[in-house]
Participant: 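Handing you a structure now.
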Amino acid sequence: MLDLKWIRENPDAFDVALARRKAEPMSEMILQMDEKKRHLQTELQTAQARRNEAAKAIGKAKASGEDAEPLIKEVASLKTSVQQMEADDRELSSQMDELLSGIPNILKDDVPVGVDEADNIEVRTFGSAPTLDFAPKEHYELGADLGMMDFETAAKLSGSRFVVTSGKIARLERALAAFMIDVHTEEKGYLEVSPPVIVRGNALYGTSQLPKFEEDLYKLDTGSYLIPTAEVSLTNLVNDTILTEAELPLRYTAHTLCFRSEAGSAGKDTAGMLRQHQFAKVEMVSITTPEQSEEEHERMTGCAEDILQRLELSYRVVVLCAGDTGFGARKTYDIEVWLPGQDAYREISSCSVCGDFQARRMKARYRPEGAKGTRFVHTLNGSGLAVGRTLIAVMENYQQADGSILVPEVLRPYMGGLESISAET
RNA sequence: GGAGGGAUGGCAGAGCGGUUGAAUGCACUGGUCUUGAAAACCAGCAAGGGUGCAAGCCCUUCCGGGGUUCGAAUCCCCGUCCCUCCGCCA
């Protein structure tokens, strides 16, 4: 949600910002509506003030035995018009809210121009693709050959875009998640959280998945939803709270399942477990002051990268262009890991800074030290990392000519010392 | 599934028809005291919005909506959420 006051004061900047998102200018319409609302509000408040004044006078008149009848009549007549104006005011406010809640966040100035992922700009790279003296396989071939990855049975159980993993591959995924959480909590200062994966619409509104992207979500018949990312649960931890400056930044991490309907991605990445309806992800969320958020964004991205570096996986960081940046984000770094089987970089993490966009929706504020009042916090979220995709990356990068998979050094303690996964393990 | 209880300021918690935007405590801010700190004492301290250059003035808000009333945090109705007990169940 954008700040109406900011739009009012910077209508041209607002329209420019919309244009970067390929949206039509809206300032004129919004300002008109705002003008109308404020005019009504002023009128309403004048009437309310008079009503309050008269009501008090009635009390006094009655107490002193004077005739209160004319005042009572006046209040009665004011009452209907006040009620009407109140109703109009509510109507206008909810219209305004609806409109504002559908407008995407303002991009930061340094977000590159562009329409889709082809226009994203590489920021840095790490490592290099492993040199294999054989033709690398894709993860699902490797998994099937090991007998530890079964898409057919999953389809029978659950339909397309599901997988059943088993044995050491299942354990490898669990090991990855545990490793990531341990790094974030023990070295990076994140607090481990085990949150609900079922949330109310209100929480999804706060992080701006709702109202615009309901079709991407799984909705239960209780009216609640399965989370598409733990960003929802973690960020909403501060929903409707006023924090003190001293407690910021807050850093949360969680290992959860995520659920996405993948509406609109039919035919995309259908093979393997790259794009599933259900997947595990380790998420990072930071709640900061406005002054801290930019630096925190770099830091968070670094935390995600560190996981890949320790796994000795090659990756590159790209900054998303305007057209590819999500609705609620001001700026996003994607981390793309090298997949030998696909001969391509694929997204494995996405780290976004949202400014006060989500905070305003959630009413998440803090009291600045030495200043009056409250300010909205800034929120950030990033994957650290998508566990399923990390599993893919490990399998493809650590595959051997005989179809076995070496276990990365840092994961061995989590695998009971196992050094290699083969059909026999 | 059955039966009840509740939703008040950052937090806890009074108020149950009339200057109550709201007692009290904690937290927080400033001051006194102190070598410094703590303690103690004094004072201040809700949020959101309108208007104004500003100081200020005004409005709204005691979960949301509607009603009763000259007047509602307080009474009535509807909704949302939370909790307790019983039943069922992991």
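On a predicted model such as this, the values are computed, not experimentally measured, just so you know. Each chain gets a letter, A, B and so on, in the order the sequences are listed, and its residues count up from 1.
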Participant: Rounding to an integer number of Å, can you tell me how far A/K37 NZ sits from B/G50 C1'?
Facilitator: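 Taking NZ of A/K37 and C1' of B/G50, I get 10 Å after rounding.
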Participant: Whole angstrom is fine here: how far is it from OH in A/Y366 over to P in B/A46?
Facilitator: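 After rounding, the gap between these two atoms is 19 Å.
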Participant: In the structure shown, which nucleotide is the Watson-Crick or G-U wobble counterpart of B/G48, with both distances under 3.5 Å?
Facilitator: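 Here B/G48 is engaged in a pair, and the nucleotide opposite it is B/C59.
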Participant: From the options B/A46, B/C81, B/C59, select the nucleotide whose nearest atom is closest to the side chain of A/R367.
Facilitator: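 So the side chain of A/R367 is nearest to B/A46.
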Participant: Quick check: on RNA chain B, is the nucleotide nearest A/I242 upstream (toward 5') of the one nearest A/F376, or the reverse? Name the residue that is more 5'.
Facilitator: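 Nearer the 5' end of the strand: A/I242.
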Participant: As a test of reading the structure: which of B/C81, B/A46, B/G49 is closest to the side chain of A/Q41, going by heavy atoms?
Facilitator: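 Selected nucleotide (nearest to the side chain): B/G49.
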Participant: Classify A/T241 by what it touches in the nucleic acid, base, sugar-phosphate, or nothing, heavy-atom distance under 4.0 Å.
Facilitator: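 Nothing: the residue A/T241, judged by heavy atoms under 4.0 Å, touches no strand.
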Participant: Please walk me through it: do A/R260 and A/E262 pass salt bridge (charged side-chain N to carboxylate O under 4.0 Å, His left out)?
Facilitator: CA-CA 5 Å; A/R260 297 185 183 176; A/E262 292 298 340; 5.2 Å; no
Participant: Please state the P separation for the pair B/C62 and B/A72 - nearest whole angstrom.
Facilitator: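 One P to the other, the span is 11 Å.
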Participant: Considering only heavy atoms from C-beta outward, does the side chain of A/C351 approach that of A/S383 to under 4.5 Å?
Facilitator: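 With C-beta onward as the side chain, the pair stays apart.
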Participant: Given the C1' atoms of B/G71 and B/G18, what is the spacing between them in whole Å?
Facilitator: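 My reading of the C1' atoms in B/G71 and B/G18 gives 7 Å.
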Participant: Any ion pair linking A/R251 and A/E296 (charged N to carboxylate O, less than 4.0 Å)?
Facilitator: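 Yes, this pair counts.
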Participant: Rounded to the nearest angstrom, tell me the gap between atom CD in A/Q48 and atom C1' in B/G50.
Facilitator: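 Going from A/Q48 (CD) to B/G50 (C1'), I get 11 Å.
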Participant: Is the shortest side-chain N to carboxylate O distance from A/R8 to A/E35 below 4.0 Å?
Facilitator: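 Not counted as a salt bridge, because no side-chain N and carboxylate O are separated by less than 4.0 Å.
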Participant: Rounded off to whole Å, could you give me the CG-to-P distance for the A/L40 and B/C59 pair?
Facilitator: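 Taking CG of A/L40 and P of B/C59, I get 16 Å after rounding.
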Participant: Could you identify the nucleotide paired to B/U20, looking across every strand shown and requiring Watson-Crick or G-U wobble geometry with both distances under 3.5 Å?
Facilitator: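 For B/U20, the partner nucleotide comes out as none, under the 3.5 Å rule.
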Participant: Which nucleotide sits closest to the side chain of A/T42: B/U60, B/G49, B/U51?
Facilitator: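 Out of B/U60, B/G49, B/U51, the nucleotide with an atom closest to A/T42's side chain is B/U51.
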Participant: Could you tell me how far apart A/D240 (CG) and B/A47 (C1') are, to the nearest whole angstrom?
Facilitator: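 So the CG-C1' distance, A/D240 to B/A47, works out to 11 Å.
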Participant: May I ask you to evaluate whether A/S93 reaches the phosphate of B/U60, defined as a side-chain N or O under 4.0 Å from OP1 or OP2?
Facilitator: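 Indeed not, no polar side-chain atom of A/S93 lies that close.
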Participant: Could you work out the separation of B/C42 and B/U35 based on their C1' atoms and round it to a whole Å?
Facilitator: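 About 23 Å, rounded to a whole number of Å.
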Participant: With a 3.5 angstrom cut-off on both distances, give the Watson-Crick or G-U wobble partner of B/U84, or none if there isn't one.
Facilitator: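 The answer is B/A3, by the H-bond criterion.
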Participant: Once you apply the 3.5 Å cut-off to both distances, tell me the Watson-Crick or G-U wobble partner of B/C89, or none.
Facilitator: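 Paired with no nucleotide.
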Participant: If you pin A/R90 and A/R38 to their nearest nucleotides in RNA chain B, which one's is more 5'?
Facilitator: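 Checking each residue's closest nucleotide, the 5'-ward one belongs to A/R38.
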Participant: Kindly assign one of parallel, tilted or perpendicular to the pair A/F162 and A/H277, based on the angle between their ring planes and the thresholds 30° and 60°.
Facilitator: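 It falls in the tilted class, 30° to 60°.
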Participant: May I ask which nucleotide in the shown strands pairs with B/C26, Watson-Crick or G-U wobble, both distances under 3.5 Å?
Facilitator: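 Here B/C26 is engaged in a pair, and the nucleotide opposite it is B/G10.
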Participant: How far, in whole Å, is B/C57 from B/U74 if one measures between their P atoms?
Facilitator: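 Each nucleotide's P atom is 28 Å from the other's.
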Participant: Could you check whether A/R8 gets within reach of a base, just the sugar-phosphate, or nothing at all, counting any heavy atom under 4.0 Å?
Facilitator: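 Sugar-phosphate, no base atom in range.
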Participant: If you compare every side-chain N and O of A/R200 against the phosphate oxygens of B/C82 (OP1, OP2), does one of them come in below 4.0 Å?
Facilitator: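 Indeed, a polar side-chain atom of A/R200 lies that close.
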Participant: How close or far is atom P of B/G52 from atom CD of A/Q45, stated in whole angstroms?
Facilitator: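 The distance from CD of A/Q45 to P of B/G52 comes to 12 Å, rounded to the nearest Å.
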Participant: B/U84 and B/A27: how far apart are their C1' atoms, nearest whole angstrom?
Facilitator: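 Each nucleotide's C1' atom is 30 Å from the other's.
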Participant: Let's test this: given Watson-Crick or G-U wobble pairing with both distances under 3.5 Å, identify the partner of B/C41.
Facilitator: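 In the structure as shown, B/C41 has B/G31 as its Watson-Crick or wobble partner.
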Participant: Rounding to the closest angstrom, what is the interatomic distance between B/A23 and B/G4 at atom P?
Facilitator: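 Nearest-Å result for B/A23 against B/G4 at atom P: 35 Å.
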Participant: Rounding to an integer number of Å, can you tell me how far A/R360 CZ sits from B/G48 P?
Facilitator: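 That distance rounds to 11 Å.
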Participant: Apply salt bridge (charged side-chain N to carboxylate O under 4.0 Å, His left out) to the pair A/D306 and A/K188, showing each step before the final yes or no.
Facilitator: CA-CA 10 Å; A/D306 195 38; A/K188 311 291 189 185; 3.0 Å; yes
Participant: Taking the same atom, P, in B/U8 and in B/C63, what whole-Å distance lies between them?
Facilitator: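 It works out to 6 Å between them.
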Participant: Checking A/R361 against A/Y205: charged group under 6.0 Å from the ring centre and within 45 degrees of the axis?
Facilitator: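 Yes; both conditions hold, so A/R361 lies above the ring face of A/Y205.
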Participant: Could you tell me how far B/A38 sits from B/U19 if I compare only their C1' atoms? Round to whole Å.
Facilitator: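 Their C1' atoms lie roughly 41 Å apart.
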Participant: Measure the shortest side-chain to side-chain distance between A/M33 and A/L99 over non-hydrogen atoms and say whether it is less than 4.5 angstrom.
Facilitator: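 SC-SC contact between A/M33 and A/L99 confirmed.
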Participant: Output the single nucleotide from B/C59, B/A47, B/G66 whose closest atom is nearest the side chain of A/R365.
Facilitator: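 The answer is B/A47.
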Participant: Under a 3.5 Å cut-off for both contacts, is B/C75 paired Watson-Crick or G-U wobble with anything, and if yes, with which nucleotide?
Facilitator: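 Here B/C75 is engaged in a pair, and the nucleotide opposite it is B/G67.
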Participant: Can you check the A/K5 NZ to B/G50 C1' distance for me, whole Å?
Facilitator: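 Nearest whole value for this atom pair: 10 Å.
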Participant: If we call it a pair only when both distances are under 3.5 Å in a Watson-Crick or G-U wobble match, what pairs with B/C53?
Facilitator: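 Across any shown strand, B/C53 pairs with none.
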